[in-house]
Visitor: 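Before I ask anything, here is the structure I am working with.
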Amino acid sequence: MDAMKQICSLVPEEVGRELYELWEDYEFQRSEEAKFVKDLDKFEMILQAHEYETLSDCPGHLQEFFDSTAGKFKTELVKEWVKKLTTDRTGSSAT
């Protein structure tokens, strides 16, 4: 919160106020858009973890990233992506 206030103080007051309100919306997931963006952020993290596991040929090595997001996705579209990624990940670790 302090960091966001500092960032907002670097721009004109009206812009800073809008930035802060958008950040709060994201942080507290007050809108459907904010929930979607939050889900995208978490999904990108596990997708990157999967890519690192694949590149390093160490299946399951970064499981903690998947565990930390389990059950936390709120939007149906991203839940579908997570299911697909989980299927792909399980399939690639079986080979």
Side-chain angles (χ1 to χ4, degrees):
M1 184 182 300
D2 290 339
M4 194 63 203
K5 287 179 181 178
Q6 173 62 30
I7 291 168
C8 291
S9 74
L10 302 174
V11 296
E13 185 177 343
E14 185 177 322
V15 175
R17 187 172 31 256
E18 183 177 4
L19 283 173
Y20 193 80
E21 288 171 5
L22 288 168
W23 172 79
E24 278 189 323
D25 183 39
Y26 167 79
E27 191 65 21
F28 300 109
Q29 300 178 44
R30 293 181 178 143
S31 68
E32 291 305 308
E33 294 86 353
K35 290 174 186 172
F36 181 66
V37 172
K38 194 78 152 182
D39 273 2
L40 287 177
D41 188 36
K42 290 181 287 207
F43 180 75
E44 188 277 333
M45 178 183 70
I46 62 171
L47 179 61
Q48 191 172 59
H50 173 63
E51 290 173 352
Y52 288 155
E53 286 179 336
T54 302
L55 288 171
S56 65
D57 197 26
C58 293
H61 180 70
L62 298 173
Q63 182 61 39
E64 64 268 15
F65 290 96
F66 294 87
D67 293 345
S68 73
T69 60
K72 294 185 179 176
F73 293 96
K74 296 183 179 186
T75 59
E76 291 307 313
L77 179 60
V78 180
K79 285 179 183 180
E80 289 175 26
W81 296 347
V82 171
K83 185 177 180 180
K84 169 98 172 75
L85 178 61
T86 301
T87 300
D88 290 352
R89 186 171 179 249
T90 305
S92 66
S93 67
T95 58

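Since this is a predicted model, take the numbers as computed values, not measurements.
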Visitor: Could I get the full list of side-chain contact (heavy atoms from CB on, under 4.5 Å) partners for Gln6, not counting sequence neighbours?
Guide: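 For Gln6, the residues satisfying side-chain contact (heavy atoms from CB on, under 4.5 Å) (neighbours in sequence not counted) are Ser9, Leu10.
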Visitor: Measuring from Gln48:CD to His50:NE2, what's the distance to the nearest 0.5 Å?
Guide: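 So the CD of Gln48 and the NE2 of His50 are separated by 12.5 Å.
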Visitor: Step by step, work out the salt bridge (charged side-chain N to carboxylate O under 4.0 Å, His left out) result for Glu32 and Lys35.
Guide: CA-CA 5 Å; Glu32 291 305 308; Lys35 290 174 186 172; 3.4 Å; yes
Visitor: Determine, step by step, whether Gln63 and Arg89 satisfy the side chain to side chain contact (heavy atoms under 4.5 Å, CB included) criterion, reporting the C-alpha distance in whole Å, the side-chain angles of both residues, the deciding distance to 0.1 Å, and the verdict.
Guide: CA-CA 11 Å; Gln63 182 61 39; Arg89 186 171 179 249; 2.8 Å; yes
Visitor: Under 4.5 Å between side-chain heavy atoms, chaining through other members, with only Ile, Leu, Val, Met, Phe, Trp and Tyr counted: pull out the rest of the cluster around Phe28, sorted by chain and number.
Guide: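 Via sub-4.5 Å side-chain contacts, Phe28 links to none.
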Visitor: Please list all pairs passing the salt bridge (charged side-chain N to carboxylate O under 4.0 Å, His left out) test where one or both residues lie in residues 2-13, with sequence neighbours left out.
Guide: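 Those involving residues 2-13 are Glu13-Arg17.
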Visitor: Please, which pairs that meet salt bridge (charged side-chain N to carboxylate O under 4.0 Å, His left out) have at least one residue in residues 56-76, sequence neighbours excluded?
Guide: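 Listed once each, the pairs are Glu76-Lys79.
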Visitor: To check you understand the geometry: which heavy-atom pair defines the closest contact between Cys8 and Gly16, and what is its length?
Guide: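 Closest pair (atom of Cys8, atom of Gly16, distance): SG-O, 3.2 Å.
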Visitor: Write out all pairs satisfying salt bridge (charged side-chain N to carboxylate O under 4.0 Å, His left out) with one or both partners inside residues 42-52, taking only residues at least two apart or from two chains.
Guide: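 The answer is Asp39-Lys42.
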Visitor: Could you pull out all residues at least two apart from Glu18 that satisfy salt bridge (charged side-chain N to carboxylate O under 4.0 Å, His left out)?
Guide: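 Salt bridge (charged side-chain N to carboxylate O under 4.0 Å, His left out) check on Glu18 returns nothing, list empty.
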Visitor: For His61 versus Glu53, what's the shortest heavy-atom pair and its separation?
Guide: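 For His61 versus Glu53, the nearest heavy atoms are N-OE2, 3.1 Å.
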Visitor: Which value, rounded to the nearest 0.5 Å, describes the distance between Leu22 atom CG and Arg30 atom CZ?
Guide: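 Answer rounded to 0.5 Å: 11.5 Å.
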Visitor: Please test Met4 against Glu27 for side chain to side chain contact (heavy atoms under 4.5 Å, CB included), starting from the C-alpha separation and ending with a verdict.
Guide: CA-CA 11 Å; Met4 194 63 203; Glu27 191 65 21; over 6 Å; no
Visitor: Mind checking who shares a hydrophobic cluster with Phe73, ILVMFWY linked at side-chain heavy-atom distances under 4.5 Å?
Guide: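 Answer for Phe73: Phe36, Leu40, Phe43, Met45, Ile46, Leu47, Tyr52, Leu62, Phe65, Phe66, Leu77, Val78, Trp81, Val82, Leu85.
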Visitor: What about Leu19 and Trp23, same hydrophobic cluster or not, with Ile/Leu/Val/Met/Phe/Trp/Tyr joined at side-chain heavy-atom distances under 4.5 Å?
Guide: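 Yes, Leu19 and Trp23 fall within the same hydrophobic cluster.
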Visitor: In the hydrophobic clustering (ILVMFWY, side-chain contacts below 4.5 Å, transitive), which residues join Val37, or is it alone?
Guide: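 Hydrophobic cluster check, Val37: joined to Tyr26.
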